[in-house]
Student: 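First, the structure itself, so that you have it in front of you.
Every value quoted in this text rests on a predicted model; they were computed, and no experiment measured them.
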Amino acid sequence: MEPQSEKYKKLRMLDIDDLILLQHLLRGGRPSTGAALLGLTPPAVSHRLRKIEDVFEIKLFDRIGSKLSLNMAGKALSEKADRALLLMSN
């Protein structure tokens with residue numbers, strides 16, 4: 001099991017745009033729409049998604065071609081991402 005301090009170090013690797021992108025994708029948004037939303041290219045969205053999955057050490061989506069389908073781990077993280085963004089907005 002990873003020490004708490006290591007988990008916090010990993011979480012600090014994320015920024016608000018990562019959480020916004022994650023929230024968008026977790027709600028069934030298309031990566032290309034997420035790219036436009038944040039002014040990113042589709043490859044940049046893919047890179048950020050890989051970074052998020054690396055930080056949490058889980059795969060959030062099942063990939064079928066270019067289509068993303070939220071898996072169980074993604075559903076569990078969705079609520080946490082929503083709460084984090086809500087706390088940040090207050």
Side-chain angles (χ1 to χ4, degrees):
M1 184 158 219
E2 197 172 2
Q4 279 296 93
S5 62
E6 289 301 312
K7 288 182 182 181
Y8 288 120
K9 284 180 189 176
K10 287 184 177 184
L11 286 173
R12 280 189 249 141
M13 293 171 56
L14 300 178
D15 62 29
I16 188 74
D17 286 342
D18 292 327
L19 292 176
I20 291 168
L21 175 64
L22 179 62
Q23 184 182 45
H24 171 75
L25 293 173
L26 291 174
R27 288 206 161 100
R30 299 181 61 81
S32 58
T33 308
L37 177 72
L38 295 173
L40 300 170
T41 63
V45 169
S46 295
H47 175 76
R48 282 184 181 241
L49 179 56
R50 277 192 302 277
K51 178 177 97 170
I52 293 166
E53 290 179 329
D54 287 347
V55 165
F56 289 105
E57 297 178 345
I58 56 175
K59 293 293 180 194
L60 302 170
F61 299 92
D62 295 325
R63 291 167 176 83
I64 302 167
S66 63
K67 184 167 172 54
L68 298 177
S69 176
L70 189 62
N71 63 26
M72 294 300 285
K75 289 176 186 175
L77 186 59
S78 178
E79 294 174 15
K80 292 175 184 171
D82 287 345
R83 277 187 270 148
L85 285 170
L86 181 62
L87 288 172
M88 288 180 184
S89 69
N90 289 332

Student: Which distance, rounded to the nearest 0.5 Å, do you find between the CG of Asp15 and the CZ of Arg48?
Tutor: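 With rounding to 0.5 Å, CG (Asp15) is 5.0 Å from CZ (Arg48).
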Student: Under the side-chain hydrogen bond (donor to acceptor under 3.5 Å, both in side chains) test, which residues partner Lys75, sequence neighbours left out?
Tutor: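 Applying side-chain hydrogen bond (donor to acceptor under 3.5 Å, both in side chains) to Lys75 gives none.
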Student: If the condition is side-chain contact (heavy atoms from CB on, under 4.5 Å), which residues does Ala36 pass it with, not counting sequence neighbours?
Tutor: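 Partners of Ala36 under the side-chain contact (heavy atoms from CB on, under 4.5 Å) test: none.
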Student: With distance as the sole test, does Asp18 use its side chain to make a donor-acceptor pair with the main-chain N or O of Ile52 at under 3.5 Å?
Tutor: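 The answer is no, because no donor-acceptor pair under 3.5 Å joins these two groups.
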Student: Counting only pairs under 3.5 Å, give me each side-chain donor-acceptor contact of residues 38-47, with atom names and distances, residues two or more places apart or in other chains.
Tutor:
residue	atom	partner	partner atom	Å
Thr41	OG1	Ala44	N	3.2
Ser46	OG	Pro42	O	3.4

Student: List in chain and number order the residues that pass salt bridge (Lys or Arg N to Asp or Glu O under 4.0 Å) with Arg63, two or more places apart in sequence or in another chain; answer none if no residue qualifies.
Tutor: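 With neighbours one apart ignored, the set is Glu53.
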Student: Out of curiosity, Gln23 CD to Ile16 CD1, how far, rounded to the nearest 0.5 Å?
Tutor: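 Interatomic distance, Gln23 CD to Ile16 CD1, rounded to 0.5 Å: 9.0 Å.
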Student: To the closest 0.5 Å, what do you measure between CG (Asp62) and CG (Leu70)?
Tutor: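 One gets 8.5 Å once the value is rounded to the nearest 0.5 Å.
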Student: Could you check whether any side-chain N or O of Lys51 sits under 3.5 Å from a backbone N or O of Met13, counting only pairs where one atom can act as donor and the other as acceptor?
Tutor: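 Confirmed, Lys51 side chain pairs with Met13 backbone.
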Student: If I take atom CG from residue Leu22 and atom CG from residue Leu14, how far apart are they, to the nearest 0.5 angstrom?
Tutor: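 The CG atom of Leu22 sits 8.5 Å away from the CG atom of Leu14.
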Student: Who passes side-chain contact (heavy atoms from CB on, under 4.5 Å) against Leu87, sequence neighbours left out?
Tutor: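 Expected list: none.
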